[in-house]
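All values below were derived from every heavy atom in this structure, side-chain atoms included, with hydrogens, water molecules and symmetry-related copies excluded. Note that this is a predicted model, so its numbers are computed, not measured.
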Amino acid sequence: MAHRVFLVFVICRLIPTVGLTLQPAELLRLDVQGQLRLDPSDIAPASTDFGGTTRAEPLAVLHPASAGDVATLVRASYLSPRPFPISARGHGHSINGQAGAQHGVVIEMSQDVVLAGVNRARARPEYSSSRDEYYVDVWGGELWINVLKWTLANGGLAPKSWTDYLYLSVGGTLSNAGISGQAFNHGPQISNVHELDVVTGKGELVTCSEEHNTELFHGVLGGLGQFGIITRARIALEPAPQRVRWIRVLYSNFTAFTKDQEHLISLHSAPERQRFDYVEGFVIVDEGLINNWRSSFFSPSNPVKISSFGGANGGVLYCLEMTKNYDDTTAHSIDQDVEALLKMLDFIPASVFTTDLPYVDFLDRVHKAELKLRAKGLWDVPHPWLNLFVPASSIADLDRGVFRGILGNKTSGPILIYPMNKHKWDDRSSAVTPEEDVFYLVAFLRSALDDAGEPSKTLEHLSRDNQQILQFCREAGIETRQYLPHHETQSDWQKHFGHKWDRFLRRKAKFDPKFILGTGQGIFQTSALPYSSVFSS
Ligand code: FAD
């Protein structure tokens, strides 16, 4: 079936279309309010990403002033007899060139509006009586940090579901899923969006939601930029808490650690006082990493020694991380509520670390670490990151084979591990997760330092580790799914999507029949297809 759909699809793609033949000068005359640029100073940043290991040079960059500009550009490609690739780029925080458009046009969705030469007005939050909930409409390229600042300043509101880092774009995370320690409770960010404006691969600007144009709505969420460019998203809000009690506890026993994590996320529907608001965790395989860049939590003047808790010398520790939100009305019970929750857990006695901070500071915690790393020149280095969704039934195998196996006692970066509830994900979206009710994110967030004089920190070494981890999972029969996926072949993509592959192809044929969008993901081998070199004449 999948092959038949794909064959029909490719045949349709190869049918010559009639229309305008676009020349560079004509493209520059496109009626856009923003700016279409060919300068090397625009091309260079649009050719790379946070991963720092790939390069795809577009021939032009659009700084759009509006959704209309995005539609004008995509329509120009769609109507051209030789359509050219177009990718939306959020903040360029992909790892493997996913937002690139080799020989095409990159749309810089998140860049300062000043670049586009316009003043894009923001909408204020509104209340929906049918949902009994606040929401806000935001530009698809808006960074989450700006959404937070805006909604706090306009009614003390905040989105419900987050990523750990807020300098990511709304369209970029919604094209993947957008996950963090709140996902067990609220679901990923794609479960907290009610309506989208999308420019499809035909250059049509379409409003879609649960009720209207549902196929496009669900397709775009987790859709890796394949079906349309998100220009507006309606995000669910809640009254923002004022403060956060942030707690970390340590385990040397992996079974106890995951049992407690899974117990905490099973409390998602318990009364608010009887559950945490955020549950994550990380693996500590070497002494240095208890104070890794993501762990600003532990004070540098009072570093926590892993050996004092039975780690190091081959030992691995696991850190469970939780938060409880509160404000003036609940401050009186926060100590009591946290204590009651901690009593249920089986961590190493005396390994409880607590801090208390404003909600915004907690949400923006990774940015603080970013600033420190930037100051040391350690942010703009290659990041061969690997993110896996792992079924709960196999997580102990990963501990044995990877945390206490392949990684040795050096990791070069944080390794996050936390479970999520599958029922909080909408199966109609394009996002792919394991089939079990509970699955884990395991994120190997490592930085390569080829100049450090340590072979275990080189890009080559870390990339080889990643391949070994994937091979171990294949051989152990662990049904992982990559999050922020990267696959080299069409058959690997087909395996990645599993039962969702046929639907993915049908959606591609319907919304981007000329394979214009999201070519940087490498899902369709478009180099074999007749792309134009519109700018090269
Ligand atoms: P880009 O990398 O620019 O784009 C990503 C993909 O989305 C591309 O295919 C692009 O074409 C497409 N795209 C971008 N904008 C649009 C749009 N408007 N419409 C349609 N398609 C679009 N992820 C999490 O889920 N949780 C985390 O906690 C988390 N933490 C991170 C921390 C750091 C330091 C970094 C670097 C990344 C983190 N990520 C996390 C990953 C992040 O979600 C992805 O990088 C994601 O792609 C968002 O980045 P971006 O906005 O820069 O998008």
Side-chain angles (χ1 to χ4, degrees), residues 39-57 61 89-100 106 108 110-112 115 143-146 163-169 172-173 282-304 306 319 361-387 407-416 443-466 484 486 520:
D39 308 353
S41 62
D42 287 275
I43 302 295
S47 306
T48 58
D49 62 19
F50 183 78
T53 60
T54 59
R55 191 168 177 82
E57 271 200 22
V61 172
R89 185 173 191 269
H91 214 206
H93 278 53
S94 290
I95 297 301
N96 297 291
Q98 285 92 337
V106 164
E108 287 282 14
S110 298
Q111 284 204 344
D112 200 319
L115 260 175
L143 298 186
W144 284 100
I145 181 71
N146 295 333
T163 49
D164 290 342
Y165 176 65
L166 308 187
Y167 290 72
L168 303 169
S169 74
T173 68
F282 56 93
V283 182
I284 304 161
V285 303
D286 63 15
E287 183 80 44
L289 280 177
I290 198 150
N291 282 315
N292 67 56
W293 64 263
R294 240 190 110 265
S295 306
S296 50
F297 181 93
F298 295 111
S299 154
S301 59
N302 183 22
V304 175
I306 159 173
C319 180
D361 291 2
F362 171 72
L363 291 180
D364 201 22
R365 62 201 178 280
V366 176
H367 184 55
K368 290 203 184 76
E370 173 187 353
L371 295 177
K372 283 187 204 152
L373 286 186
R374 277 191 188 283
K376 293 184 197 160
L378 294 176
W379 185 255
D380 291 320
V381 297
H383 295 101
W385 286 8
L386 177 67
N387 289 271
L407 293 183
N409 63 353
K410 286 274 178 287
T411 65
S412 304
I415 303 169
L416 307 189
F444 303 90
L445 307 181
R446 306 191 294 167
S447 305
L449 298 175
D450 281 14
D451 300 338
E454 289 184 53
S456 66
K457 293 192 171 166
T458 60
L459 179 61
E460 191 189 339
H461 183 96
L462 296 178
S463 305
R464 202 169 44 238
D465 264 10
N466 287 347
L484 315 169
H486 171 62

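Within 6.0 Å of CG in D451 there are 12 or fewer heavy atoms belonging to other residues, nucleotides or ligands.
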> Does the side-chain contact (heavy atoms from CB on, under 4.5 Å) test come out yes or no for L462 and S412, once each step is laid out?
Replying inline: CA-CA 9 Å; L462 296 178; S412 304; 4.1 Å; yes
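Within the 4.5 Å cutoff, the side chain of I145 has no heavy atoms near those of the Y165 side chain. Side-chain atoms of R446 and D465, non-hydrogen and from C-beta on, do get closer than 4.5 Å to each other. Contact annotation: the side chain of F282 never approaches that of I415 to less than 4.5 Å [non-hydrogen atoms, C-beta and beyond]. Counting only heavy atoms from C-beta outward, the side chains of R89 and V61 never approach each other to under 4.5 Å. Within the 4.5 Å cutoff, side-chain heavy atoms of P384 are placed close to those of N466. In this structure, the side chains of L484 and W385 stay at 4.5 Å or more apart for every pair of heavy atoms.
Results of the side chain to side chain contact (heavy atoms under 4.5 Å, CB included) test with L166 over L143, L363, T173 single out L363 as the only residue that passes. Test L459, L449, L373 against V381 for side chain to side chain contact (heavy atoms under 4.5 Å, CB included) and you get one pass: L449.
Minimum interatomic distance between S169 and G90 (heavy atoms only, all atoms of both residues): OG-CA, 3.3 Å. Nearest heavy atoms, A99 versus V106: O-CG2, 4.0 Å.
Atoms CG and CD, from D364 and E370 in turn, are 9.0 Å apart once rounded to the nearest 0.5 Å. The CG atom of L371 sits 12.0 Å away from atom NZ of K376, with the distance rounded to the nearest 0.5 Å. Between I95 atom CD1 and T53 atom OG1 the span is 7.5 Å, to the nearest 0.5 Å. Considering CG of L445 and CG of D164, their distance stands at 8.5 Å, rounded to 0.5 Å. Residue D49 holds its CG atom at 4.5 Å from OG1 of T54, rounded to the nearest 0.5 Å. Summarising the geometry, atom CZ belonging to R55 is positioned 4.5 Å from atom OG belonging to S47; distances are rounded to the nearest 0.5 Å.
With sequence neighbours left out, H383 forms a side chain to side chain donor-acceptor pair (under 3.5 Å) with no residue at all. In this view, D450 satisfies the salt bridge (charged side-chain N to carboxylate O under 4.0 Å, His left out) rule with no residue, not counting sequence neighbours.
At distances below 3.5 Å, at least one donor-acceptor pair connects side-chain atoms of H91 with backbone N or O atoms of Y167.
No donor-acceptor contact under 3.5 angstrom links the side chains of T163 and W144, judged on distance only.
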